[in-house]
Number of protein chains: 2
Amino acid sequence: MSEQNQTSLHTLKISCSSCSLRELCLPVGLNREEMGQLDAVIRQSRRLKRGEYLFRSGESFKSLYAIRTGFFKTCVASQDGREQVTGFLMSGELMGLDGISSSNHSCDAVALEDSEVCELPFTRMESLSRDIPSLQHHFYRLMSREIVRDQNVMLLLGNMKAEERIAAFLLNLSQRLSTRGFAANDFILRMSREEIGSFLGLKLETVSRTLSKFQQQGWITVDHKHIQLVLVDELKNLISGCMHADGH
Amino acid sequence: MSEQNQTSLHTLKISCSSCSLRELCLPVGLNREEMGQLDAVIRQSRRLKRGEYLFRSGESFKSLYAIRTGFFKTCVASQDGREQVTGFLMSGELMGLDGISSSNHSCDAVALEDSEVCELPFTRMESLSRDIPSLQHHFYRLMSREIVRDQNVMLLLGNMKAEERIAAFLLNLSQRLSTRGFAANDFILRMSREEIGSFLGLKLETVSRTLSKFQQQGWITVDHKHIQLVLVDELKNLISGCMHADGH
DNA sequence: GGCGAAGCTTGACCCTTATCAAGGCGGAAT
DNA sequence: ATTCCGCCTTGATAAGGGTCAAGCTTCGCC
């Protein structure tokens, strides 16, 4: 129950009425009526193919999107075409929060595999959140959580060496996958070396070399996008000391 | 009017009833009654001396803080004592949003000069924002804005070279100071070289060297903490191309 | 099934920035 | 006014990661 609550406060598990009424909506203790209201607001889910854009920087902001299935990256582009990946997102996570501030999206969201999202029209969610205090609180927490996540990325980009970044990246993926019921130590990367590098502030060659090095040391196995974590403690050891004092 | 609105949506100009009733509260179009309600929630302002902590990472989160006067840094510390400055904040800006997600502050906030803040007890702001839709919307926008700001810092840390970072930093400071009615091209740095370096992912020596280089080129003058921007266009030139495509 | 493009690995080299070190300056406290 | 300490500058050196290049594998497309 407390464990359940813990994750429920941090992830947005949504089911669209049209998709699967069985799965619980926004697990923040809504009663039947409130769930009905929420259900009425959530739009039909949308499917995207690998490579497809969910939204682009500059487009007018209308909705948030919760990932039902699949995998996304968000990125900001600079004028000269350089791109910074700002996050990798998986099922249950929310995209588009950056768009609220200016009514325009400030980043791109791209599906890295065939995916399905629920659309949450923001103005309707906003007014609904006035009627449902726990929903409002949930949104504040979600946004705050995003801010904390970003701070931790800054810590990574500002302070950590290449090996530490890669280790932190692998462990973070592992942890989030296991939360979703997938194997923690055996997974397929959905993104390219270049995208990993962009996220971590490294070049793709450095990503490749570092993964090879970890493999040589027996800490992981690398078969293209198939990664296995063998000696997790060694990875954790590498980043102990450079992680946030509160431990994530 | 549109200019007025533009800034009003992005900054939180607060006056505490006890401090100065003249200055406008949260300029989001509140009527007299709403302003009264808000005023009742805002706690007496608190004064801090240079070096004093407003809150520390791990402390339980109760309130947001709006800066009335002064200058702050926020930073996260790693286990081994390394510190990453995550932001520099000046009057009208809001601190503590990171604390909402876990009910604990996830960073430190330190006054870099004698300062004064307004305390906004969060649960009371939260319930007030249910009664005042424009206030709720304002908070969503503020949080979103923080997310966008963080994304831009990631872009800086992930993609830019030392000179570009310093130039972006100086121009950002300049822009924010001029918004507040201070000189855009002649200001005093409130933070040390080390703190600048921490924020920008550089060592203090690199910060010092880069400032010296800019001075040699005649782009700026540096007299310890006193900075003058002489050839702003050269600085802008340096970062054109590596800035966000939307232009900040 | 074969072809081409994209993505990955690895090596060699070099550049940027970190590190180490020494000395100067200024401000705060006495 | 003086001293001490923190902060800053500058130089010399080193290392981490970027850049360039070549070759290989895989996957998607025809």
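Naming convention: chains lettered A, B, ... in sequence-line order (proteins, then strands); numbering from 1 in each chain. As the structure is a prediction and not an experimental result, all values here were calculated from the model.
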Separation of dG6(D) atom P from Leu204(B) atom CG, nearest Å, is 15 Å
ask   = So what does Gly197(A) touch, heavy atoms closer than 4.0 Å: a base, only the sugar-phosphate, or nothing?
value = nothing
- Query: Between Lys49(A) and Glu52(A), is there a side-chain N and carboxylate O pair less than 4.0 Å apart?
  - Reply: no
Asn159(A) atom CG is separated from dT19(C) atom P, nearest whole Å, by 10 Å
Check your understanding: Can a salt bridge be assigned to the pair Arg50(B) and Glu113(B) using a cut-off of 4.0 Å between side-chain N and carboxylate O?
Key -> no
When rounded to whole Å, the NZ to C1' distance for the pair Lys203(B) and dC20(C) reads 13 Å
Ranking Leu211(A) and Arg209(B) by the position along DNA chain C of their nearest nucleotide, the one closer to 5' is Leu211(A)
Value for CG (Leu171(B)) from CD1 (Ile239(B)), rounded to nearest 0.5 Å, stands at 5.0 Å
To the nearest angstrom, the CG-P distance between Asp223(B) and dC7(D) comes to 18 Å
ask   = Checking only heavy atoms, does the side chain of Arg165(A) share a donor-acceptor pair with the base of dG17(D) at less than 3.5 Å?
value = no
Test: Arg46(B) and Glu116(B) ion pair at under 4.0 Å: no
Rounded to whole Å, the CE-C1' distance (Met160(B) to dG18(D)) equals 17 Å
Before we go on, tell me: are the rings of Phe88(A) and Phe72(A) under 6.0 Å apart, centre to centre? no
Quiz item: Counting any heavy atom closer than 4.0 Å, what does Lys213(B) reach on the DNA or RNA strands: base, sugar-phosphate only, or nothing?
Solution: nothing
Separation of dG6(D) atom C1' from Glu195(B) atom CD, nearest Å, is 12 Å
Between the side chains of Glu93(B) and Arg176(B), is the shortest nitrogen-to-carboxylate-oxygen separation below 4.0 Å, so that they form an ion pair? yes
* Would you please classify the geometry between the His105(B) ring and the Phe55(B) ring as parallel, tilted or perpendicular, with 30° and 60° separating the classes? => parallel
Sorted by number, residues from residues 185-193 of chain A placing a heavy atom under 4.0 Å from DNA chain D are none
Could Glu164(A) and Arg82(B) be called an ion pair, given the rule that one side-chain N must be under 4.0 Å from one carboxylate O? yes
Test of ring centre spacing under 6.0 Å for Phe182(B) and Phe187(B): no
Reading nucleotides 21-30 of chain C from 5' to 3' and marking B where a protein heavy atom lies under 4.0 Å of the base, S where only the sugar-phosphate is that close, and - otherwise, the string is -----S----
Touch check for Leu202(A), heavy atoms < 4.0 angstrom, all strands: base, sugar-phosphate only, or nothing?
-> sugar-phosphate
